[in-house]
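Values below: every heavy atom of this structure, side chains too, minus hydrogens, waters and symmetry copies. Chain A is the first sequence line, chain B the second, and so forth, proteins listed ahead of strands; every chain is numbered from 1.
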Amino acid sequence: MTLRLFNTLSGQLDDLVPSDGKALRMYACGPTVYDFGHIGNFRTFLAVDILRRFLLLTGTKVRHVMNITDVDDKIIRNATAAGISIGAYTAPFELAFLEDLEALKVQRPEQLARATEHIPKMVELIQKLAAAGAAYQTEDGSWYFRLAAFPEYGKLSKKDLSGMEDGARVDVDEYEKDSARDFALWKAAKPGETSWDTAIGRGRPGWHIECSAMAMEYLGESFDLHAGGEDLMFPHHENEIAQSESVTHKTFARHWMHVRFLLVDGRKMSKSEGNFYTLRDLLLKGYKASAIRMALISVPYRHQLNFTFDGLIEATNAIERLRTFSQRLKTGNYAPGENPALQEAAKKAQADYLAALSNDLNTAEARAPIFDLVRAANTAIDQGQLLAGDRDAILSVLASFDKVFDVIQDSDAEPTRKAIEWAVQAGREADVAPELVGRESLTDEAIDALVAERTLAKRQRNFSRADQIRNELAEKGIILEDSKDGVRWKRK
RNA sequence: GCACCGGUGGCGAAGUGGCUAACGCGCAGGUCUGCAAAACCUGUAUACGCGGGUUCGACCCCCGCCCGGUGCUCCA
């Protein structure tokens, strides 16, 4: 099944297939590790995750590279303020970022590339640009890209720069540039700042050059897909194209994917608005990692997503329905055989969900057939018409769905536990939601003992004592479920 | 200002030039239960921003307007 994916460069849906017939080579812009990742960051990484998982599921191999920007103005500023090296400053944030990805079940790319470990590659590229007449050095030792050397500039973001006059907005500290829109390739060292001594002088890389250098290092001069948040389209990606193609004269990336920004409570997320959330903030409030994942992927990546707590609750409940159903299939007893209607329903659900994803990763549409199948199967179970062969067929559809969505398999306890641990270390115990504390306040054994006592009380028809125990547990976030097979309990 | 995206039932969110406009959440009723909860089933609201136009026929195409959002070299 071929993925039809919107291509910013062509402005239409294009087939996404490996140009070499082997693996799809993709580069996705990663984080600048100067702070903890927020949900907006993760929406983008989750969208790319859905893409790669769909490709893998449908039999396309993937070679996925993601950069870690571990040197830039903010990092230098913050590290200097803290009196430590930039490496010492960024390391914990990089680690936190990778932990957050794991919590959200974002698959790790085949290759992570740190900017600071690829300085020679960047220098080499700048030298080539200089040789081609597309780069020049200013008096202070910085290097700039000469926009005039790349007539196609603007082809990605569809900007027509011809009408823009030079000199209209010249920053005071950039007076040396030939043209106001020329952008920095290499920034000359300033006293006290981190810098590298190289053939093009002492300094540090500009922001854009790292992606060009590292993408070419791992994927070649021309590759299949480049992805990132919509904000990166201009100028970052436009600049990457200019830098790369001025040297190689080949198409840098054939396909460009941009993920729409999200809103929080209907407004742009920002610290000053007070609607800025990191993943850790949400975990500490008691929301499950799976719910956050579901909420962030349920709206197709090109649509604006309005992130709300109501939305998280909805996602939580929707996942619960799927998990309960899955358990019902796995634990029930079903007679041998197959029900043709259910076999057909399973087949249709599988086909429909994949078809929806293949259409520009329409995750919202992809959910529908799965829920249709859940209802049909539940009805059949109630009527005794679901057979063992149907159970197997339906479980395999759920497994396939989970290869992409990955929300049914429950591994929510670990990220929450880690977040609490982190909060304690970071002196943020106060941010841990009380119900999370309650959930962990009783051991499994203690709960089992209370449940047993309640069962005994019920048998003796001492319902007031039984209800009392149930209420006490409920206050601590322990939910009891009576069934004919005994009592089940779970932490809310 | 220029450019782009969106406005679908209580909420979220698909989709289509004409058949009953998905799905999820919520809500209501039922089954079950000592009662609940949970789970499941059923039902639910006669939803396509406004005004024109094209068409045999538009929520879907075109024009205008209103509203919301975003971008225009910090930003996933």
Original post:
For atom P, what is the distance between B:C11 and B:A38, given to the nearest Å?
Top reply: 24 Å
**OP:** Using a heavy-atom cut-off of under 4.0 Å over every strand shown, decide if A:Glu230 touches base, sugar-phosphate, or nothing.
**Re:** sugar-phosphate
Original post:
For atom C1', what is the distance between B:G6 and B:G49, given to the nearest Å?
Top reply: 11 Å
Original post:
CG of A:Leu232 versus P of B:U70: gap in Å, rounded?
Top reply: 17 Å
Original post:
Counting side-chain heavy atoms from CB outward, which of B:A14, B:C72, B:G24 is closest to A:His303?
Top reply: B:A14
Original post:
So, is A:Asn317 near the phosphate of B:G26, with a side-chain N or O under 4.0 Å from OP1 or OP2?
Top reply: yes
**OP:** Between B:G7 and B:C48, how far apart are the P atoms? Round to whole Å, please.
**Re:** 13 Å
Subject >> Of all pairs that satisfy side chain to side chain donor-acceptor pair (under 3.5 Å), the ones with a partner from residues 90-104 of chain A, not counting sequence neighbours >> reply: A:Glu94-A:Arg114, A:Glu99-A:Arg280, A:Asp100-A:Arg280
Subject >> salt bridge (Lys or Arg N to Asp or Glu O under 4.0 Å) partners of residues 289-303 of chain A, not counting sequence neighbours, each pair once >> reply: A:Asp49-A:Arg293, A:Arg302-A:Asp360
Original post:
Which value, in whole Å, describes the distance between the C1' atoms of nucleotides B:A13 and B:C59?
Top reply: 15 Å
Original post:
For A:Asp372, which contact category applies under a 4.0 Å heavy-atom criterion: base, sugar-phosphate, or nothing?
Top reply: sugar-phosphate
**OP:** For B:C25 and B:U16, measure between their P atoms and round to the nearest Å.
**Re:** 24 Å
Subject >> Listed nucleotide nearest any side-chain atom of A:Arg461, set B:G34, B:C5, B:A39 >> reply: B:G34
Original post:
Separation of A:Gln304 atom CD from B:G12 atom P, in whole Å?
Top reply: 13 Å
Original post:
Between B:A37 atom P and A:Gln468 atom CD, what is the distance in whole Å?
Top reply: 20 Å
Original post:
Between A:His237 and A:His208, do the side chains contain an N or O donor and an N or O acceptor separated by less than 3.5 Å?
Top reply: no
**OP:** Take the protein atom CD of A:Glu475 and the nucleotide atom P of B:A37, then report the distance between them rounded to whole Å.
**Re:** 17 Å
Subject >> B:U20 to B:A39 separation - P atoms, rounded to the nearest Å >> reply: 34 Å
Original post:
Base, sugar-phosphate alone, or nothing: which one does A:Ile313 contact when heavy atoms must sit under 4.0 Å apart?
Top reply: nothing
Original post:
When you measure from the side chain of A:Arg323 to the backbone N and O of A:Val407, does any donor-acceptor pair fall under 3.5 Å?
Top reply: yes
**OP:** For A:Phe42 and B:A76, say yes or no: do the ring centres fall under 5.5 Å of each other while the ring planes differ by less than 30°?
**Re:** no
Original post:
Roughly, in whole Å, what's the span from CG in A:Asp265 to P in B:G12?
Top reply: 12 Å
**OP:** Answer yes or no: is there a side-chain heavy-atom contact under 4.5 Å between A:Leu95 and A:Phe93?
**Re:** no
Original post:
Can you tell me if the side-chain N/O atoms of A:Lys268 get under 4.0 Å from OP1 or OP2 in B:G71?
Top reply: yes
**OP:** Select base, sugar-phosphate, or nothing to describe what A:His236 touches, counting heavy atoms under 4.0 Å on all strands.
**Re:** nothing
Subject >> Among B:A76, B:A14, B:G24, the nucleotide that comes nearest once only the side chain of A:Ala364 is considered >> reply: B:A14
Original post:
Does OP1 or OP2 of B:C41 have a side-chain N or O of A:Arg321 closer than 4.0 Å?
Top reply: yes
**OP:** Tell me what A:Asp467 touches on the nucleic acid: a base, only sugar-phosphate, or nothing, going by heavy atoms under 4.0 Å.
**Re:** base
Subject >> Residues A:Thr32 and A:Asp72: side-chain donor-acceptor under 3.5 angstrom >> reply: no
Original post:
Base, sugar-phosphate alone, or nothing: which one does A:Pro369 contact when heavy atoms must sit under 4.0 Å apart?
Top reply: nothing
Original post:
Hey, does A:Gly266 reach any base, or is it just sugar-phosphate, or nothing, if we go heavy atoms under 4.0 Å?
Top reply: sugar-phosphate
Original post:
On a plain distance test, is the side chain of A:Asp482 in donor-acceptor contact with the base of B:A36 below 3.5 Å?
Top reply: yes
**OP:** Describe the nucleic acid contact of A:Arg328 in one word from base, sugar-phosphate, nothing, applying a heavy-atom distance below 4.0 Å.
**Re:** sugar-phosphate
**OP:** Describe the nucleic acid contact of A:Gly311 in one word from base, sugar-phosphate, nothing, applying a heavy-atom distance below 4.0 Å.
**Re:** nothing
**OP:** Check every atom of B:A76, B:A37, B:U42 against the side chain of A:Thr44 and return the nucleotide holding the closest atom.
**Re:** B:A76
**OP:** Compare the minimum distances between each of B:G24, B:A38, B:C5 and the side chain of A:Ala318, then state the nucleotide with the smallest one.
**Re:** B:G24
**OP:** Measure from the side-chain heavy atoms of A:Ala466 and tell me the nearest of B:G34, B:C5, B:U73.
**Re:** B:G34
Original post:
Whole-Å distance between B:A76 C1' and A:Leu296 CG?
Top reply: 11 Å
Original post:
Out of curiosity, A:Asn239 CG to A:Arg181 CZ, how far, rounded to the nearest 0.5 Å?
Top reply: 9.5 Å
Original post:
When we call it a touch if two heavy atoms are under 4.0 Å apart, what does A:Val259 touch: a base, just sugar-phosphate, or nothing?
Top reply: nothing
**OP:** Could you work out which one of B:A76, B:A38, B:G69 sits closest to the side chain of A:Arg260?
**Re:** B:G69
**OP:** Measure the spacing between CG of A:Asp182 and CG of A:Leu147 and express it to the nearest 0.5 Å.
**Re:** 5.5 Å
Original post:
Taking atom P in both B:C62 and B:C41, what distance in whole Å separates the two?
Top reply: 41 Å
Subject >> Runs of at least three consecutive pairs that involve RNA chain B, where pairs are Watson-Crick or G-U with distances under 3.5 Å >> reply: B:1-7 with B:66-72, B:10-12 with B:23-25, B:26-31 with B:39-44, B:49-53 with B:61-65
Original post:
Counting just side-chain N and O atoms, does A:Asn378 come under 4.0 Å of either OP1 or OP2 of B:C41?
Top reply: yes
**OP:** Figure out the CZ/C1' separation between A:Arg267 and B:G68, and round it to whole Å.
**Re:** 13 Å
Original post:
Where the side chain of A:Leu263 is concerned, which of B:G69, B:C35, B:A76 is the nearest nucleotide?
Top reply: B:G69
Original post:
Counting any heavy atom closer than 4.0 Å, what does A:Phe463 reach on the DNA or RNA strands: base, sugar-phosphate only, or nothing?
Top reply: base
Original post:
Counting side-chain heavy atoms from CB outward, which of B:G24, B:U73, B:C41 is closest to A:Phe371?
Top reply: B:G24
Original post:
Just checking, is any N or O donor in the side chain of A:Thr379 or A:Asp382 under 3.5 Å from an acceptor N or O on the other one?
Top reply: no
Original post:
Checking all strands, does A:Arg367 fall into the base, sugar-phosphate, or nothing category for heavy-atom contacts under 4.0 angstrom?
Top reply: sugar-phosphate
**OP:** Could you pick out which residue, A:Ala368 or A:Arg375, lies toward the 5' side of RNA chain B when each is mapped onto its nearest nucleotide?
**Re:** A:Ala368
Original post:
Where does the angle between the aromatic ring planes of A:Phe252 and A:His226 fall among parallel (under 30°), tilted (30 to 60°) and perpendicular (over 60°)?
Top reply: tilted
Original post:
Does one side chain, of A:Asn67 or A:Glu210, offer a donor that lies under 3.5 Å from an acceptor on the other?
Top reply: yes
Original post:
Contact class for A:Trp207 vs. all strands (heavy atom < 4.0 Å): base, sugar-phosphate, or nothing?
Top reply: sugar-phosphate
Original post:
Between the side chains of A:Asp448 and A:Trp489, is a donor N or O closer than 3.5 angstrom to an acceptor N or O?
Top reply: yes
Original post:
Would one find a side-chain N or O of A:Asn306 under 4.0 angstrom from OP1 or OP2 of B:G69?
Top reply: no
Original post:
Given that A:Ala376 and A:Glu314 both sit by RNA chain B, which one's nearest nucleotide is further toward the 5' end?
Top reply: A:Glu314
Subject >> Gap between atoms CZ and P, on A:Arg465 and B:A36 respectively (whole Å) >> reply: 22 Å
